[in-house]
2 protein chains.
Amino acid sequence: MYRSHHNGALRLANVNQEVALSGWVQKIRDKGFMIWIDLRDRYGITQLVLDAERTDKALLEKAKNLGREFVVQVKGKVIERVSKNDKIPTGDIEVLVSELIVLNKSKLPPFTIEDNTDGGDELRMQYRYLDIRRKPVRENLIFRSKVTMEVRNYLSKEGFIDVETPYLIKSTPEGARDFVVPSRMNEGQFYALPQSPQTFKQLLMVGGMDKYFQIVKCFRDEDLRADRQPEFTQIDCEMAFVEQEDILNAFEGLTRHLLKEIKGVKVDKFPRMTYKEAVETYGTDKPDIRFDMKFGELNDLAQNKGFRVFDSVELVVGIAVPGCGHYSRKQTDKLIDFVKRPQVGANGLVWVKYNEDGSFKSSVDKFYSQEDLAQWAERLHAKKGDLLLILAGDADKTRIQLGVLRMHLAETLGLRNPQEFAPLWVVDFPLLEWDEDTKRYHAMHHPFTAPKPEDMHLLDSEPGKVRANAYDMVLNGNEIGGGSIRIFDKETQSRMFDLLGFTKEEAQAQFGFLMNAFEYGAPPHGGLAFGLDRLVAILGGQETIRDFIAFPKNNSGRDVMIDAPASISKEQLEELNLVVTLPKKDK
Amino acid sequence: MYRSHHNGALRLANVNQEVALSGWVQKIRDKGFMIWIDLRDRYGITQLVLDAERTDKALLEKAKNLGREFVVQVKGKVIERVSKNDKIPTGDIEVLVSELIVLNKSKLPPFTIEDNTDGGDELRMQYRYLDIRRKPVRENLIFRSKVTMEVRNYLSKEGFIDVETPYLIKSTPEGARDFVVPSRMNEGQFYALPQSPQTFKQLLMVGGMDKYFQIVKCFRDEDLRADRQPEFTQIDCEMAFVEQEDILNAFEGLTRHLLKEIKGVKVDKFPRMTYKEAVETYGTDKPDIRFDMKFGELNDLAQNKGFRVFDSVELVVGIAVPGCGHYSRKQTDKLIDFVKRPQVGANGLVWVKYNEDGSFKSSVDKFYSQEDLAQWAERLHAKKGDLLLILAGDADKTRIQLGVLRMHLAETLGLRNPQEFAPLWVVDFPLLEWDEDTKRYHAMHHPFTAPKPEDMHLLDSEPGKVRANAYDMVLNGNEIGGGSIRIFDKETQSRMFDLLGFTKEEAQAQFGFLMNAFEYGAPPHGGLAFGLDRLVAILGGQETIRDFIAFPKNNSGRDVMIDAPASISKEQLEELNLVVTLPKKDK
């Protein structure tokens with residue numbers, strides 16, 4: 001029995017009790033005749049006290065030799081503090097130590113174990129076990145555990161069955177790259193780690209499980225962009241005998257439950273927006289609707305007025321930035337520089353100041369009258385004192401650029417309330433997207449997504465125009481999940497693989513098991529997956545997922561703490577019938 | 001909206017309601033003028049009825065063309081049945097069909113979708129999605145989901161934090177073989193899939209998480225014995241600032257909770273037995289204590305009486321088989337044949353019948369008097385009418401043989417009550433076991449297990465005698481879990497690696513991160529892992545784990561449904577800098 005209480009437990013009511021505590025030495029204040037020690041564990045901090053008057057001399061000496069992060073066990077009596085600390089729940093008491101056992105020593109930690117540490121990212125990752133001792137990281141992990149329990153309990157209560165799908169499956173190199181696992185027992189063959197349990201959850205629906213969920217690791221061997229992980233966690237769900245509406249309702253329920261239980265936020269409305277509307281109004285398929293600044297298209301108002309730049313383009317589109325009509329030349333120039341950055345890629349930016357007196361001042365006054373600009377302002381729902389910003393060019397690219405500018409302004413102007421949660425369904429995604437590099441269609445969600453029945457007739461003639469029964473849930477400008485109604489008959493599935501450029505043989509070799517299953521009474525079904533890492537980070541009010549993962553990998557896919565990946569032995573390679581070739585020189 | 005109710009929902013109270021149902025055609029009884037259809041889903045079966053009098057002719061015709069496992073949607077009115085079926089909850093009603101939509105057809109299934117199917121194992125695995133439609137398999141998976149929810153809720157309530165540990169880690173070829181994962185981004189290097197999250201959960205303790213749990217997939221590339229899977233699931237736990245007693249108490253609590261909630265069985269006692277006692281009393285470290293037949297050692301009574309076979313051996317040991325004193329020669333011969341089978345490996349078996357009149361008849365009457373045999377009977381706690389069975393030979397081997405015989409008799413005589421759950425802790429396992437093949441010590445549990453402090457002095461002189469703070473939970477003769485108090489200081493851990501034959505460099509390269517962590521204030525800690533697949537099977541009253549796994553692999557580690565593992569493309573291999581060599585001819 002190392003302890004009678006945790007370090008967050010003791011209160012005034014415990015005064016005079018003899019207690020045993022264990023934990024880490026957070027801090028020592030040594031006044032010579034008197035020592036205070038902050039003893040820390042997961043549950044809190046308790047102040048220990050030893051002094052020349054009440055403490056045995058040898059014991060006092062022992063306490064003086066403690067160092068930061070030493071692990072100790074103490075026994076002693078709870079006493080009331082003279083000067084109380086109302087910042088911690090145990091701040092009314094301290095423990096007068098009568099016995100002290102050093103359970104383990106500690107070298108000086110490479111960074112401070114404080115809420116704000118002096119350790120850089122790489123160092124914190126290398127000593128992640130020390131980083132986890134810091135309250136913010138620890139609380140993030142505890143928060144994640146709380147979220148997953150809420151998810152599981154909600155879905156279980158709703159009749160979803162938690163089914164584990166296999167991790168050693170077959171490689172289907174569509175979309176991202178698979179991680180593969182050589183099989184020793186099946187020479188020369190490989191398993192793959194799942195990018196998602198997609199086909200298995202569909203087979204569970206064919207198998208009559210009706211409602212399935214799983215919180216499950218998924219794997220993608222991608223070149224890692226910032227804040228992506230090669231292994232990540234999904235809340236994965238599937239339902240049979242459902243239409244899109246049933247699924248949206250089910251997961252509005254889950255999201256509403258989480259926001260209420262975890263954040264104490266009540267959200268009633270889950271607005272819906274088509275993909276087309278989202279892109280045309282916000283320049284992105286994951287708009288942050290916590291603030292306005294909707295796009296207004298100005299082609300009819302701005303073209304053919306003599307301004308060549310606008311006349312020659314596909315789209316002229318703008319936003320009204322609230323209350324920024326007073327911007328100086330320097331400030332508007334900064335915005336122009338921003339959109340011209342290669343990451344954004346615009347050629348320029350037209351600005352119009354809507355003055356408080358109702359007049360306009362713009363960078364294109366030469367071409368447009370006050371009446372023209374007033375029409376623009378009206379189109380953009382601008383008010384006096386606003387700043388109108390207009391981009392022009394190729395429609396798709398210009399919308400994306402304006403979307404980026406919109407988010408940049410929201411950040412600069414603090415328009416996003418971190419306490420607000422604004423979920424949104426984006427629906428009616430295109431089924432396919434054209435890839436210029438490979439000159440073929442890719443599935444926008446994945447090859448199992450069902451086309452909208454009313455667009456089926458376009459599948460041969462104009463496949464790019466076919467919309468899918470696919471939907472994303474967007475929360476505060478982040479895609480937290482997505483899903484679709486699935487194809488559930490062999491013919492459509494086979495046609496889909498044709499469209500995606502599979503030969504019949506390839507389709508059969510990779511997905512034959514699924515198409516065969518569709519021939520034995522597959523029910524209509526659909527589902528959805530939430531990205532847990534991202535969801536937890538957003539609910540936790542943070543931008544990066546890394547500190548919600550206990551042992552994350554860096555941008556090269558390495559675990560710098562355990563130093564993985566690493567070489568394996570010759571014997572292991574031989575058993576697997578593998579030879580590692582030297583990397584090619586030109587790489 | 002495919003349905004207004006599930007197929008298990010409708011009762012007499014619903015009579016006269018218009019309902020919509022969806023599901024699979026389980027059975028059609030076509031009487032010509034009248035058709036009954038059993039419509040099935042996860043929730044139950046509802047009887048549909050159509051007849052010439054009340055049903056539109058085209059509709060009746062359509063129904064006649066349905067086949068088994070067709071997926072249909074029907075609308076109709078709930079009516080009271082004339083002849084009720086009290087075997088199913090919906091047996092009081094049927095639905096008079098007014099509308100029928102075939103959602104999907106089905107080819108004739110390769111086996112019957114019934115509780116007792118005509119499908120063989122291989123076929124059932126190949127069409128697992130059809131197998132899952134069968135009630136016993138479906139109910140097993142639902143049962144598993146229920147068990148995991150209970151585990152999670154119990155442990156969460158007890159303050160355990162669910163933390164996900166990584167799946168892409170480093171290969172540490174100690175114990176079983178690792179599955180490895182080539183890294184594309186780190187050329188020539190490999191990740192490994194975890195055999196367990198052992199080191200990570202220990203690092204979480206070093207990190208102050210205090211109480212951790214996870215239900216997690218683990219991976220072992222072993223030659224598969226029957227009823228083993230290359231990927232399996234563990235309930236994994238770890239606690240800090242604990243002694244063995246704290247851990248045993250925590251997991252008695254969990255097991256008690258599960259037995260109560262899942263099985264409605266109240267278990268108070270969790271007896272404890274040392275490894276030594278278990279082996280000496282039952283010939284195994286996982287004794288089934290639902291029945292008696294404890295071993296009695298007879299060396300002092302049976303040796304030096306002229307029976308050479310006994311005189312020359314290390315151990316003479318027997319059991320009393322209740323009520324089998326009447327066995328015929330044929331029956332005792334069968335037992336002798338049993339122990340002589342190569343799988344058991346005994347040279348022979350001595351029997352003594354304890355007759356109802358108090359006399360004895362034995363196969364060694366030539367050497368032993370009635371008084372001698374009476375002493376044996378007393379030692380084995382035999383009663384009149386029992387059969388005494390005695391084996392002799394090398395102590396370790398003979399105990400194992402007698403243990404196998406004991407279980408064989410329990411099976412034959414039906415001594416194991418399947419409704420009874422008898423958990424047991426086996427404690428004080430040896431730290432090390434000697435491996436004759438490699439001529440070195442192996443860790444009996446794993447290299448992180450702490451030696452008992454009182455045995456530390458034997459670590460250099462007689463390492464084989466050192467006992468560990470290691471324990472297994474045994475339930476009805478199955479090891480359902482095991483764990484230990486861990487080493488938490490660098491010096492002992494390093495010494496342990498020495499004992500196991502690691503060079504300093506190997507130990508540092510593979511486990512340096514853990515030993516380094518121990519230098520920064522590691523707390524005393526320990527833990528335990530339950531095998532979920534086995535636990536669920538035992539709670540479900542079944543012997544094999546395979547039907548509690550949605551998509552199991554066969555004994556060659558293959559998923560015959562998706563046909564994995566499989567070859568991967570040349571491009572994939574090239575990206576991974578790998579070449580597959582031809583299997584060696586002599587393999």
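A, B, ... follow the sequence lines: proteins, then strands. Residue 1 opens every chain.
Here the CZ atom belonging to A/R177 is positioned 9.0 Å from the CG atom belonging to B/L576, to the nearest 0.5 angstrom. The CZ atom of B/R138 sits 12.5 Å away from atom CG of A/L204, with the distance rounded to the nearest 0.5 Å.
The closest side-chain heavy-atom distance from B/V580 to A/L578 is below 4.5 Å. By the 4.5 Å heavy-atom criterion applied to side chains, A/L168 and B/D559 are not counted as neighbours. A/I142 has its side chain within reach of B/M209: a pair of non-hydrogen atoms, C-beta onward, lies under 4.5 Å apart. Here the side chains of A/P523 and B/W24 are in contact, with some heavy-atom distance below 4.5 Å. Between B/S171 and A/S569, the closest side-chain pair of non-hydrogen atoms is not below 4.5 Å. Between B/V206 and A/R133 the shortest side-chain heavy-atom distance falls below 4.5 Å. Residues B/Y191 and A/E231 have side chains not in contact (no heavy-atom distance under 4.5 Å, counting atoms from C-beta outward). At a threshold of 4.5 Å between non-hydrogen side-chain atoms, the residues A/T199 and B/I562 do not count as touching.
Only the side chain of A/F219 comes within less than 4.5 Å of a heavy atom in chain B; its backbone stays farther off. Using a 4.5 Å cut-off between heavy atoms, A/L532 touches chain B through its side chain atoms alone. B/S22 touches chain A through backbone and side chain together, each having a heavy atom under 4.5 Å away. Proximity to chain B is limited to the side chain of A/K217, based on heavy atoms less than 4.5 angstrom apart. Contact annotation for A/F200: both backbone and side-chain heavy atoms come within less than 4.5 Å of a heavy atom of chain B. Contact of B/I113 with chain A is not made at all, since no heavy-atom distance falls under 4.5 Å. If you measure heavy-atom distances from B/F241 to chain A, the contacts under 4.5 Å come from both the backbone and the side chain. In this structure, no portion of A/N249 lies under 4.5 Å from any heavy atom of chain B. Looking at A/E222, only its backbone comes within 4.5 Å of chain B, counting heavy atoms on both sides. Of the atoms belonging to A/R3, it is side-chain heavy atoms, and not backbone ones, that fall under 4.5 Å from chain B. When heavy atoms are compared at a cutoff of 4.5 Å, A/V25 does not approach chain B at all. Residue contact with chain B, scored on non-hydrogen atoms closer than 4.5 Å, involves the backbone and the side chain of A/M1 alike. For A/M149, the part lying near chain B is the side chain, with the backbone staying farther off; criterion is any non-hydrogen pair under 4.5 Å. Heavy atoms of B/D533 lying under 4.5 Å from chain A are absent altogether. Heavy atoms of A/K211 lying under 4.5 Å from chain B belong to its backbone as well as its side chain.
In terms of heavy-atom pairs under 4.5 angstrom with chain B, the leader among A/D41, A/V163, A/L130 is A/L130. Looking only at heavy-atom pairs under 4.5 Å with chain B, the residue among A/D563, A/D489, A/D246 that has the most is A/D563. With chain B as partner, the option from A/T148, A/I169, A/I549, A/L514 having the largest number of non-hydrogen pairs under 4.5 angstrom is A/I169. If you tally non-hydrogen atom pairs under 4.5 Å between each of A/G521, A/A564, A/P524, A/A240 and chain B, the highest count goes to A/G521. With chain A as the partner, the residue from B/M561, B/E164, B/E69 showing the most heavy-atom pairs under 4.5 Å is B/E164.
The environment of A/K490 atom NZ is dense: over 12 non-hydrogen atoms of other residues, nucleotides or ligands sit within 6.0 angstrom.
Remark: A/R184 engages B/D223 in a salt bridge, criterion side-chain N to carboxylate O under 4.0 Å.
Ring pair A/Y129/B/Y520 is tilted by interplanar angle, where 30° to 60° counts as tilted.
Between B/A522 and A/V71, the closest heavy-atom pair is O-CG2, 3.8 Å.
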Criterion side-chain contact (heavy atoms from CB on, under 4.5 Å) on A/D221 and B/Q572, from CA distance to verdict: CA-CA 11 Å; A/D221 185 11; B/Q572 281 176 293; over 6 Å; no

